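Not measured: the values here are computed from a predicted model. Just so we're on the same page: letters track the sequence lines, and every chain starts at 1. Just so you know, these numbers use all the heavy atoms, side chains as well, and skip hydrogens, waters and symmetry mates.
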Amino acid sequence: MSIPLSSTPGADPRVRFCPAPSGWLHVGSVRAALYNVLHARHHGGTFVFRIEDTDATRATEDSMRSMMEALHWIGLDWDEGPEPGGSSRGPYGPYRQSERKALYAEVAARLEASGATYRDYRTSEELEAWREQQRAGTGEGPPVVKASTFEHTTEEIERFAAEGRTASLRLRTPESGSITVTDLVRGDVTWDWSQISDPVIQRSDGSATYPLANSVDDLAQGITIICRGEDLLSVTPRQVRLHELLLADGLLDEALAAVGFPARDPSWGAPSAFAHLPMVVGMDRKKLSKRHGSVSIQEFRRQGFLPATLRNYLSLLGWAPKDGRERLDDADLIAEFDLSAVGRSAAAFDVDKLTAFNGERIRELPADELTELLLPYLDGTEGEEALIEQPITDGQRAIVSGLVPLIQERMQRLDEVERYAPAFLQDEVELDEDSVAKVFTKKGAPEAIEATIELLADVEWTIEAIEAGLRELPEELGIGFGKVAQPVRVAATGSSVSPPLFESLELLGRETSIARLKAALPVARAAQPDTD
RNA sequence: GGCCCCGUCGUCUAGCUGGCCUAGGACGCUGCCCUCUCAAGGCAGAAACGGGAGUUCAAAUCUCCUCGGGGCUACCA
């Protein structure tokens with residue numbers, strides 16, 4: 001199960017998700033990806049997946065692979081984007097920025113030729129020193145880089161060039177006036193150009209930076225709505241400026257043609273709107289990090305969260321359908337999702353609620369489907385140790401299939417099967433210390449176990465018969481049923497907490513059940529309080 | 001410091017064209033019921049409009065101020 005691909009490839013609206021491949025994909029990013037997908041599906045549009053690996057020092061191949069894997073696992077497949085094999089799908093590729101360098105260089109050259117940029121020969125160290133000074137208040141104001149104060153004189157340029165220094169390329173942004181951007185979730189947002197630094201669009205080593213690559217690609221790939229995290233809100237003005245420049249006089253179209261990249265659709269303009277999603281934060285309202293437990297998607301997978309649960313829960317982090325329902329399947333999400341209904345305040349990621357949602361969905365699963373989902377947690381794929389063979393034997397499958405109905409309604413995560421299964425898949429069971437101390441020390445425990453051994457020896461081996469037999473014991477022994485059930489439970493399963501007793505015994509089988517009761521008997525006797 | 005964004009139960013949120021709100025739902029929490037343990041399920045309950053001024057017959061809903069939180073302030077994205 002996952003959200004379907006576009007039935008009308010290439011159609012409007014065209015949205016994109018474009019992570020930088022460093023580290024793992026985390027829930028905030030996935031939420032952004034989800035909203036993009038939902039918007040696309042709701043309107044019958046196209047979801048583009050792009051890898052923003054312009055910074056060679058940070059991007060890694062491993063990270064890229066894991067992000068693609070994570071996105072696929074969680075059910076967010078893309079209509080256009082890179083393919084696992086190294087190829088790509090879609091007519092406006094390539095979709096990895098590291099494969100689009102020629103385009104950026106071409107665009108940068110044309111931008112420079114048009115006078116939209118200027119060279120900056122300052123080194124990172126010099127820039128940093130300048131900022132320090134500005135912030136310390138000894139300078140003339142906040143550290144805003146503007147051509148009016150930053151552009152070198154002709155003599156300086158000649159001198160630096162003679163010295164062999166290389167320059168970065170900065171975009172010339174307006175020195176005054178303001179810009180207003182329409183945001184689907186925040187309304188109109190206005191900035192004064194005087195407060196906005198001229199961004200570096202090309203590093204001194206000739207590579208493109210995010211501002212350039214991102215703007216070029218959004219236009220080259222016909223993105224209509226830019227929906228991303230709020231952390232990118234303040235970067236929007238320069239991006240809009242770049243969009244204007246790139247579209248003016250067909251600059252981008254000519255560059256595309258010059259380097260042999262796919263031409264843009266003639267109907268495409270600049271993105272018509274932005275949508276800045278509220279941040280996803282931890283329960284302490286701080287930025288999500290390892291401290292908050294799981295943040296990477298593969299971690300959720302390992303713990304046994306269902307992709308559908310994640311999609312459902314994440315959709316509600318910043319948005320709610322009109323009718324207030326919380327249990328939403330993909331069809332509901334696609335039908336009801338609305339970007340303009342997204343909230344404005346940061347949302348805290350609540351694992352407890354996610355977990356509750358997951359338990360709810362696990363309970364709804366057909367037993368055989370759940371069984372299949374559980375196997376990876378038993379054969380060593382996801383879990384720590386392997387309790388079953390891979391592939392599973394018929395006998396083991398029978399046990400797991402028998403166990404599933406017993407544990408289905410008490411599980412919230414798939415990995416919890418690792419807690420219940422050992423008692424049923426291993427010959428011997430280790431008696432839990434606390435359970436022994438709590439249950440075997442009660443008066444009558446050994447007697448209950450003894451009587452049960454006798455009973456199980458020749459009772460008909462069905463759940464009903466076992467239950468009927470056990471229910472008669474308390475009367476004979478003159479105690480309550482709990483006084484019998486608990487010792488037997490501990491003896492048979494090793495713990496005072498287990499699936500229902502009669503069903504558990506039945507599943508264990510007559511021989512194993514009796515063997516365990518016999519083995520536990522001396523332990524129970526030893527645990528009895530002294531009666532002398 | 002500067003610019004920008006945000007502010008309803010612990011958390012996600014409904015409400016925000018002002019009265020139907022004694023502020024609704026969900027997770028979590030507490031109690032009770034059910035019960036062979038643990039769950040599941042059922043029922044009940046505690047729990048919020050950051051603060052202050054206005055406007056108005058009436059404000060969670062409009063205005064202003066204030067406080068608080070966050071983002072950006074990189075030749076990262």
Side-chain angles (χ1 to χ4, degrees), chain A residues 18-22 52-55 57-59 120 122-124 127-128 131 134-137 141-145 166-170 183 185-186 189-192 194-197 199-205 207 209-211 213-214 228-237 276 278-279 281 283 285-287 313 316-327 343-357 359-360 363 407-412 420 435 438-439 467 470-471 474 480-486 488-490 493 495-502 504:
Chain A
C18 46
S22 64
E52 306 229 316
D53 52 353
T54 52
D55 187 354
T57 63
R58 287 164 203 266
D120 184 356
R122 273 161 281 251
T123 63
S124 302
L127 249 13
E128 191 42 47
R131 279 192 200 94
Q134 297 294 306
R135 276 197 274 257
V144 178
V145 173
T166 51
S168 63
L169 210 55
R170 282 186 191 273
D183 190 292
V185 342
R186 267 150 239 284
V189 185
T190 302
W191 291 263
D192 279 336
S194 65
Q195 297 297 324
I196 295 167
S197 282
V200 168
I201 61 170
Q202 187 178 55
R203 301 187 183 89
S204 49
D205 67 1
S207 64
T209 61
Y210 165 79
N214 189 66
R228 62 227 311 188
E230 192 197 342
D231 48 340
L232 261 9
L233 177 60
S234 59
V235 124
T236 308
H276 286 95
M279 302 295 283
V281 298
M283 289 297 276
R285 296 262 130 205
K286 291 278 159 39
K287 208 168 177 176
Y313 177 73
L316 262 16
L317 233 42
W319 171 80
K322 285 234 179 325
D323 60 13
R325 267 183 313 155
E326 294 205 315
R327 167 52 209 253
R344 290 165 297 279
S345 50
F349 187 83
D350 185 353
V351 191
D352 285 342
K353 185 157 180 170
L354 204 221
T355 305
F357 272 29
E360 206 175 297
R363 266 170 259 134
I407 62 175
Q408 180 163 20
E409 72 182 21
R410 56 206 83 216
M411 289 203 307
Q412 290 192 298
Y420 294 109
S435 299
K438 191 168 72 188
V439 177
E467 169 162 13
L470 274 170
R471 292 229 182 250
F481 183 66
K483 286 278 200 293
V484 171
Q486 280 307 81
V488 173
R489 183 191 311 281
V490 174
T493 69
S495 168
S496 61
V497 176
S498 85
L501 186 57
F502 320 120
S504 295

Next on the checklist: Using a 6.0 Å distance limit plus a 45 degree cone around the ring axis, check whether R471(A) lies over the aromatic ring of F481(A).
Outcome noted: yes
Checklist entry - Is the closest basic N to carboxylate O distance between D205(A) and R203(A) below 4.0 Å? => result no
Provide, to the nearest angstrom, the distance between the [atom1] atom belonging to [X] and the [atom2] atom belonging to [N].
| X | N | atom1 | atom2 | value |
| --- | --- | --- | --- | --- |
| R489(A) | A39(B) | CZ | P | 12 Å |
| D231(A) | C4(B) | CG | C1' | 13 Å |
| L233(A) | G71(B) | CG | P | 13 Å |
| K322(A) | G24(B) | NZ | P | 21 Å |
| F481(A) | U37(B) | CZ | P | 9 Å |
| R131(A) | C75(B) | CZ | P | 5 Å |
| D323(A) | A26(B) | CG | P | 14 Å |
| K287(A) | G71(B) | NZ | P | 6 Å |

Checklist entry - Within the modelled atom types, does a donor on one side and an acceptor on the other bring the side chain of Q134(A) and the base of G1(B) under 3.5 Å apart? => result no
Item to check | Side-chain donor/acceptor contact of S204(A) with base of C75(B) under 3.5 Å | outcome: yes
Checklist outcome for this item: When rounded to the nearest 0.5 Å, the distance separating CG of L354(A) from CD of Q412(A) is 10.5 Å
For atom [atom1], what is the distance between [N] and [M], given to the nearest Å?
| N | M | atom1 | answer |
| --- | --- | --- | --- |
| C64(B) | G25(B) | P | 33 Å |
| U8(B) | G68(B) | C1' | 15 Å |
| A60(B) | C49(B) | P | 11 Å |
| C29(B) | C38(B) | P | 15 Å |
| C34(B) | G19(B) | P | 45 Å |
| G2(B) | U13(B) | C1' | 34 Å |
| C16(B) | G52(B) | P | 24 Å |
| A53(B) | G70(B) | C1' | 27 Å |

Item to check | Side-chain donor or acceptor of R186(A) paired with backbone N/O of H276(A) under 3.5 Å | outcome: yes
Checklist entry - Of the nucleotides A77(B), A40(B), U13(B), which one has an atom closest to the side chain of E409(A)? => result A40(B)
Checklist outcome for this item: 5'-most contact on RNA chain B (nearest-nucleotide basis), D205(A) vs T190(A), goes to T190(A)
Checklist outcome for this item: Result for 5'-nearest mapping on RNA chain B, choosing between W191(A) and G318(A), is W191(A)
Checklist entry - Between R131(A) and Q134(A), is any side-chain donor less than 3.5 angstrom from a side-chain acceptor? => result no
Can you tell me if the side-chain N/O atoms of [X] get under 4.0 Å from OP1 or OP2 in [N]?
| X | N | value |
| --- | --- | --- |
| R363(A) | G41(B) | yes |
| T209(A) | A74(B) | no |
| R471(A) | C36(B) | yes |
| R410(A) | U35(B) | no |

Checklist entry - Within the structure shown, what part of the strands sits under 4.0 Å from F502(A) by heavy-atom distance: base, sugar-phosphate, or nothing? => result base
